[in-house]
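Take a look at the structure set out below.
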Protein chains: 2
Amino acid sequence: MHSDLIVIDGLQYSNWDRTIFEQLHQGGVTMVHATIVYHEQIRETLLRIAEWNRHFEQSSDLIMPVKSAADIRLAKQLGKVGIMFGAQNCSPIEDDIGMVEVMRELNLMIMQLTYNNQSLLACGCYEAEDSGVTRFGRQVIKEMNRVGMIVDMSHSAERSTLEAIEISERPIVISHANPNTFHMAKRNKSDRVLKALGASGGLLGFSLYPFHLKNGSDCTLNEFCEMVADTAELMGVDHIGIGTDLCQEQPHSVLEWMRNGRWSKDTDYGEGSKANADWPKPLAWFRDSRDFPNITNGLLARGFSPPEVTKIMGQNWLNLLDDGLKAT
Amino acid sequence: MHSDLIVIDGLQYSNWDRTIFEQLHQGGVTMVHATIVYHEQIRETLLRIAEWNRHFEQSSDLIMPVKSAADIRLAKQLGKVGIMFGAQNCSPIEDDIGMVEVMRELNLMIMQLTYNNQSLLACGCYEAEDSGVTRFGRQVIKEMNRVGMIVDMSHSAERSTLEAIEISERPIVISHANPNTFHMAKRNKSDRVLKALGASGGLLGFSLYPFHLKNGSDCTLNEFCEMVADTAELMGVDHIGIGTDLCQEQPHSVLEWMRNGRWSKDTDYGEGSKANADWPKPLAWFRDSRDFPNITNGLLARGFSPPEVTKIMGQNWLNLLDDGLKAT
């Protein structure tokens, strides 16, 4: 593929440092949606943003903040990696509708309504039952639409996701998950959800987190690309992208934070188990961001045309953000 | 009735000052469950507690804090009004299971799992649908049981309430509500809930908030006492008490806080309506705490025996707290 390929990773959560920024750069990544918080509340989110401001200052040769979709094109032009802030839970707004706009002003561009559990907004995919988007949740979606913050339902339950697609006046995303038909998992999505997502103009980012893949860490690039092809048929090639869910250099304590937050006295193992409590072993063909070209080449080898590969590797994400990050 | 009657009001939320403390004293109230917060979070809850500490210091001739059930008897003996802290939403624990014990150490003795809306723990009575107690909610109930904090489901939805009764290893309460058979309202309770509550050793506190009463502010004392009699038949006379929901001297802004918290950009009118947005007019026979003897006399006139009236006016609450406030 030509060197002006725009590569967008729809989700990473790493223990960010200069080495990781260099890997993103080497892998040709134009923009990465960086999870800045899981269960962090308002004050803690501001601390994370301050840490990022230090990164931007110290690694300005490699990275830059994304404050609009135009900044993604600018990053490409400057040869830098654009960093787009996102939250994997709605904790940064706590119980306050006014915090949606405040967080957007701080460049939080995308927020999940839930992370596995019931939130004040909607239901997560680990609860026994899902009663859909709450009263507060309806108001938050409307407000996110107004200020140009993307709704992400990656960790949400089925009914809440279908309702969010319906309620939102702008396309939403599932930034990092795979189809249940490829690998059955609480975090993966049904064909019903994926079809509704595609039909509404939304986007699915394919996950490379081994728990979301057939055969886990042994999933092959061919198998992955077959899944992409099947999903392109289901949703349309304009509604799919990448969301690697790459979590690099994170200590075990961070995995426990993701899974347990502050809500559990028992240990919840999330997608793992007591016998398999640690981070999964990475894929051989996607060890870190330097391996993005493997995906590009795999998709070409699978028979996708270069324009289709361009869409999947970043153009679809860019199109969605072009519209979705604008205030109404 | 004799002067050693223990009178317990299972819920008030007033704009507390010395005048109100004097009224409680004059009405013969031994102990009042005082709502200290609605949607206030950890820090804000501590500010409310600090305000109460000032009250305790400045009005030590009239009131005293309740730090155990024994303090209720002590208040009676000293001729003071015991103040028991409670929360009408689970906001004081935010997202942190560890805050249950911390708040109990600060003498927060009772907490609602929800206030009208979906919370992180369970579903409120104003949501369209109720999927029951959440994963976090199950842990919180267990922890409340452990540290001796009473579960209150006054503002919760039906299924969540039934599940809380089932999950809790100790009796729970509905501190302020009435039966739906008396007056149909989102905040009132079905016979199914009331029967389960009674059978589990729990307690219903009858509300005198006009929105919970037949004919609203025009409800008569006779009608109220008829309701008490009907409910005594349904639940047993050992499982009922008083929870007036008296809200005195509060500005309209507090009503808006109760109803809207920080979650709504639109105005939610709660139990009122756009045309009836203000506090309801008080009952002629229960203007404030000085009128407690009217209830006592009304129950006697309705044919309850003095021992039964003793139970309803306070002994049932005391029995429940005797057990419920002890750590396991």
Side-chain angles (χ1 to χ4, degrees), chain A residues 38-44 89-102 113-143 146-147 157 159-160 163 257 259-268 270, chain B residues 38-44 89-102 113-143 146-147 157 159-160 163 257 259-268 270:
Chain A
Y38 280 89
H39 310 297
E40 287 89 342
Q41 293 178 309
I42 295 171
R43 184 184 149 77
E44 297 163 301
N89 201 350
C90 57
S91 313
I93 68 163
E94 296 186 9
D95 60 357
D96 195 329
I97 185 83
M99 285 302 114
V100 175
E101 186 167 11
V102 169
L113 300 193
T114 68
Y115 186 85
N116 294 357
N117 281 9
Q118 175 74 48
S119 78
L120 295 180
L121 310 182
C123 190
C125 59
Y126 274 69
E127 296 284 355
E129 245 175 278
D130 175 7
S131 55
V133 176
T134 67
R135 300 172 90 206
F136 184 25
R138 285 169 189 272
Q139 296 225 14
V140 168
I141 291 173
K142 196 173 156 189
E143 184 70 353
R146 186 180 75 83
V147 304
R159 177 172 166 185
S160 288
E163 287 188 13
W257 169 243
R259 291 172 173 174
N260 294 283
R262 289 178 275 249
W263 66 272
S264 181
K265 283 183 82 177
D266 307 331
T267 302
D268 188 81
Chain B
Y38 280 88
H39 311 296
E40 286 89 342
Q41 293 178 308
I42 294 170
R43 183 183 150 80
E44 298 163 299
N89 201 350
C90 57
S91 314
I93 67 164
E94 296 185 8
D95 60 359
D96 194 331
I97 185 82
M99 286 300 114
V100 175
E101 187 166 11
V102 169
L113 301 193
T114 67
Y115 186 86
N116 296 355
N117 282 9
Q118 175 74 48
S119 78
L120 295 180
L121 310 181
C123 190
C125 60
Y126 274 70
E127 295 285 355
E129 244 175 280
D130 175 6
S131 55
V133 175
T134 67
R135 302 171 88 204
F136 184 27
R138 286 169 189 272
Q139 296 227 14
V140 167
I141 291 173
K142 195 172 160 191
E143 183 69 354
R146 186 180 76 83
V147 304
R159 177 172 168 186
S160 288
E163 287 188 13
W257 170 243
R259 290 172 173 171
N260 294 284
R262 287 177 275 249
W263 64 272
S264 181
K265 285 182 80 177
D266 307 330
T267 302
D268 188 79

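Chain A is the first sequence line, chain B the second, and so forth, proteins listed ahead of strands; every chain is numbered from 1. The model shown is predicted, which means the values in this text are computed figures rather than measured ones.
- Here the shortest heavy-atom pairing between S264(B) and Q139(A) reads OG-NE2, 2.8 Å.
- One distance of note links CZ of R135(B) with CG of D266(A); it measures 10.5 Å at 0.5 Å rounding.
- Put simply, the side chain of R43(A) does not reach to within 4.5 Å of the side chain of R43(B), judged on heavy atoms.
- Each of Q41(B), E94(B), E143(B) has some count of heavy-atom pairs under 4.5 Å with chain A, and the biggest count is that of Q41(B).
- Most heavy-atom pairs under 4.5 Å with chain A: of the set D130(B), D95(B), T134(B), L120(B), this distinction falls to D95(B).
- The candidate from S131(A), S119(A), C123(A), S91(A) with the greatest count of non-hydrogen atom pairs under 4.5 Å with chain B is S131(A).
- Residue E127(A) touches chain B through both its backbone and its side chain, counting heavy-atom pairs closer than 4.5 Å.
- Using a 4.0 Å cut-off between a side-chain N of Lys or Arg and a carboxylate O of Asp or Glu, E101(B) and K265(A) do not qualify as a salt bridge.
- The heavy-atom pair separating W263(A) from F136(B) by the smallest distance is O-CD1, 3.2 Å.
- Only the side chain of D268(A) comes within less than 4.5 Å of a heavy atom of chain B; its backbone N, CA, C and O stay farther away.
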